[in-house]
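Owing to the predicted nature of the structure, the values given are computational and were not obtained by experimental measurement.
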Amino acid sequence: MSNALTYSGVIGKDGFRRFESGQYLSELGWYRRLYSLSQAFEPGTYFFERMKRKMKLDKLVGERFKEKPSDCVIDSHALMLRGGYMKNVANGIYSQYMPLRRITKKIEDIIRDEMDKIGGQEVLFPVALPASLWDESGRYESVGSELLRFTDRNNARMVLGMTHEEAAVQLVRDYANSYTKYPFMIYQIQTKFRDEGRPRGGLIRVREFTMKDAYSFHTSQEDLEKYYQECYDAYNRIFARAGIPEVITVKSDSGMMGGSISHEYMLLTPVGEDSIAVCSECDYRANMEAAQSIVENKADDVLEELKKEYTPNIHTIEDICEFLHSPLEKSCKAVVYQKNATDEYVVIFVRGDLDINETKLTNLLGEAVHPAVITEECGLHAGFIGPVGLPENMTVLFDNSLKGATNLSCGANEENHHYVGLNIPRDVGEVEYNDLAKIVDGGICPQCGKHTIKISRGIEVGNIFQLGTKYTKSMGMTYLDKDGSTQTPIMGCYGIGVGRLAASVCEAHHDDYGPIWPMAIAPWQVHICAVRADDAEVKEKADALYEELQKRGVEVIYDDRAVSAGVMFSDADLLGIPLRVIVSPRNLKDGVIEISARDKSFSEKLNPADVADRIQEKIAELMQFDVE
């Protein structure tokens, strides 16, 4: 059930006056009022029946088991398989059982609520799209094998949408032909397919997935930036409401999406696939792909002469520095790629203690590259490549890390020989330096200038981009401004992976026994365990509580199976419901029913008459969220 519900067109006038449109219903005691309001519905209406929907564990489709699957590399993947949340269909493709579907539905409701609050209009694009749309944007050829291309029965070229910028422009370009129509934002929650080469981590990296993607259209950069901030804040609220307010934002590379400014929302975790540069002294945070690498070189007092040294059978930068008794930072390393389209060689020179960031390289070149295959005919000598005397039929680039460096060692472009005493301005000439290296742990922060960079791991749970006119211009979308002149609208793009967010919450909130779902997205709010349901009093009290909580609109799953307490509690741990109610002969002998939290933050034993009220209070308390 959504965190915020309005039924102004359904609830009777007396009932509707109790709520303002859009009011959050998570405040203390809202269940009582909601139940009261539900009486205004005609018997049999969907809303009322949904509140009373029964769910007993013995009827829940899906098995729960103790053993960790051998192919699971992260905890959330294993727990969601063990807990009966999903089942593998093919590599990177899963079916969802009811518990996961309820979780993702609640996430979708939170997303919809926040998107609607900032003026979003929900639409739906097709999964299968004509290749002609991707021809218009130029991405049919530029995107790699991740885009699934196929031909239909009429020999028309088609693609499965992995993202929907082209479809968004196609939908509105005829409508938005006047400045009076702007600004606006459309969004969808839809299935997408990305032919991922390395699916892993369950729902963290898949091929088929559900995603919310939104697209905004503007007549000025200033207007885009204003709305971008609104989306930025809305995303913070979404992640807080979903139970992971610890998500951080980082500057990122926009990749195939295009655009100049982009941010990723990262959940820091050791199992994350992305590397993030975080400054411990200021608020600088950036994806490794976008983080600027800054180094300091102190020029030597005396410039040595360029001298060739015989270095037999030494090929690696580490070995040559050891042979010459010089540190890595006093060497000039060559890294060689080839352009995918032409196989032209690209030689990058970087300081020996650093590595090349391939994303920065492809962004600079404007095309994809791959590690070079060095042949005898190309004129390069593997292991002995340097900037002096290099063949001219290739692209040569220099990283910023070499700026100001003196007396370097480097390859001599001759088998078994290296140079020492390299001074690039003197021995090579004036060159252009570019930021091509990866930032390193302990490196200089681009914002505060201190040696305080730490490299952390994270899972990307969302992203936002200022796309500019990349798609509107290439696809011929225009409008007339107030002066009657033709202009091209500016776009923003905003995405959240629904399944990945669910898995990320599980990764952030679990123990050795199962997930610990936040109240706002838990598959159910309360899990009743009737220990020894064959005991007449246990059965009577548990049944009565089950019925009472349903009448009050509480989402309950009820376990009255004839199984041991150990099996019952093990399954309850795997389902991860925030509140657990234990009705047992021992408790009833003492005249109490036990309420406890899945996260073990509290445990209370109450008079049975007080249990329903206390549960409602705890639910309201656990539904609260904070946004910094």
Side-chain angles (χ1 to χ4, degrees), residues 1 5 15 18-19 24-41 43 47-59 517-520 522-565 568-569 571-573 575-624:
M1 188 172 64
L5 300 173
R18 302 188 188 185
F19 293 92
Y24 279 88
L25 304 182
S26 58
E27 59 191 276
L28 184 64
W30 72 267
Y31 292 98
R32 296 192 192 93
R33 296 196 297 275
L34 183 58
Y35 176 63
S36 175
L37 289 177
S38 70
Q39 308 311 303
F41 286 81
F47 177 77
F48 187 60
E49 290 303 315
R50 183 185 180 201
M51 292 298 98
K52 293 184 62 176
R53 182 173 294 166
K54 296 179 181 292
M55 189 65 244
K56 287 196 173 184
L57 193 58
D58 64 341
K59 298 299 183 183
W517 296 111
M519 183 62 74
W524 290 273
Q525 296 163 328
V526 176
H527 189 141
I528 298 177
C529 295
V531 180
R532 291 284 311 276
D534 58 337
D535 181 293
E537 187 180 10
V538 168
K539 181 67 171 171
E540 178 189 353
K541 295 293 186 183
D543 283 354
L545 181 60
Y546 181 44
E547 293 296 329
E548 176 63 21
L549 290 176
Q550 287 186 94
K551 288 179 181 178
R552 299 188 183 206
V554 179
E555 301 172 17
V556 191
I557 186 165
Y558 180 23
D559 188 357
D560 61 352
R561 297 173 298 166
V563 297
S564 70
M568 188 173 287
F569 295 154
D571 284 352
D573 285 340
L575 285 173
I577 310 305
L579 294 178
R580 186 178 305 177
V581 179
I582 302 172
V583 185
S584 68
R586 179 183 298 178
N587 283 334
L588 292 179
K589 183 179 179 181
D590 296 333
V592 297
I593 290 176
E594 183 179 353
I595 305 175
S596 62
R598 173 65 183 85
D599 65 3
K600 299 180 173 58
S601 60
F602 73 90
S603 179
E604 301 174 356
K605 293 185 177 181
L606 304 170
N607 185 303
D610 299 328
V611 171
D613 286 344
R614 183 59 174 154
I615 285 174
Q616 288 183 297
E617 291 173 358
K618 294 304 294 186
I619 289 174
E621 176 185 323
L622 294 173
M623 288 288 280
Q624 304 304 315

If you take all heavy atoms of [X] and [Y], which pair is closest and at what distance?
| X | Y | answer |
| --- | --- | --- |
| Ala533 | Lys539 | O-CB, 3.5 Å |
| Trp524 | Pro578 | O-CD, 3.5 Å |
| Met568 | Cys529 | SD-CB, 3.6 Å |
| Glu537 | Asp535 | N-OD1, 2.9 Å |
| Gly591 | Pro608 | O-CD, 3.4 Å |
| Ile615 | Leu579 | O-CD1, 4.0 Å |

For [X], salt bridge (charged side-chain N to carboxylate O under 4.0 Å, His left out) partners two or more places apart:
| X | answer |
| --- | --- |
| Glu540 | none |
| Asp58 | none |
| Lys605 | none |
| Arg586 | none |

By side chain to side chain donor-acceptor pair (under 3.5 Å) - contacts of Ser603 (at least two apart): Glu594

For Asn587, check side chain to side chain donor-acceptor pair (under 3.5 Å) against everything at least two apart and list the hits. Ser584

When you compare the side chain of [Y] with that of [X], does any pair of heavy atoms fall below 4.5 Å?
| X | Y | answer |
| --- | --- | --- |
| Val556 | His527 | no |
| Arg580 | Asp573 | yes |
| Val611 | Leu549 | no |
| Ile528 | Val581 | yes |

Ring pair (Phe, Tyr, Trp, His ring centres under 6.0 Å) contacts touching residues 582-604 (sequence neighbours left out): none

Which residue pairs satisfy the ring pair (Phe, Tyr, Trp, His ring centres under 6.0 Å) criterion with at least one member in residues 538-562, sequence neighbours excluded? Tyr546-Tyr558

Just jot down the side chain to side chain contact (heavy atoms under 4.5 Å, CB included) partners of [X], sequence neighbours excluded, or say none.
| X | result |
| --- | --- |
| Lys59 | Met55 |
| Ala544 | none |
| Asp571 | Leu57, Arg64, Arg561, Val567 |
| Asp610 | Asn607 |

Report the residue from Ile577, Leu575, Ile557 that forms a side-chain contact (heavy atoms from CB on, under 4.5 Å) with Pro523. Ile577

Of Val531, Asp560, Leu588, Asp543, the one forming a side-chain contact (heavy atoms from CB on, under 4.5 Å) with Val583 is Leu588

Atom [atom1] of [X] and atom [atom2] of [Y]: how far apart are they, to the nearest 0.5 Å?
| X | Y | atom1 | atom2 | answer |
| --- | --- | --- | --- | --- |
| Leu545 | Gln550 | CG | CD | 10.0 Å |
| Glu555 | Gln525 | CD | CD | 4.0 Å |
| Leu606 | Glu604 | CG | CD | 5.5 Å |

Got a salt bridge between Asp559 and Lys56, using NZ or NE/NH1/NH2 to carboxylate O under 4.0 Å? no

Is any side-chain N of the basic residue among Glu548 and Arg552 closer than 4.0 Å to the acidic one's carboxylate O? yes

Take Ile582 and Ile593 through the side chain to side chain contact (heavy atoms under 4.5 Å, CB included) test and state the conclusion after the steps. CA-CA 6 Å; Ile582 302 172; Ile593 290 176; over 6 Å; no

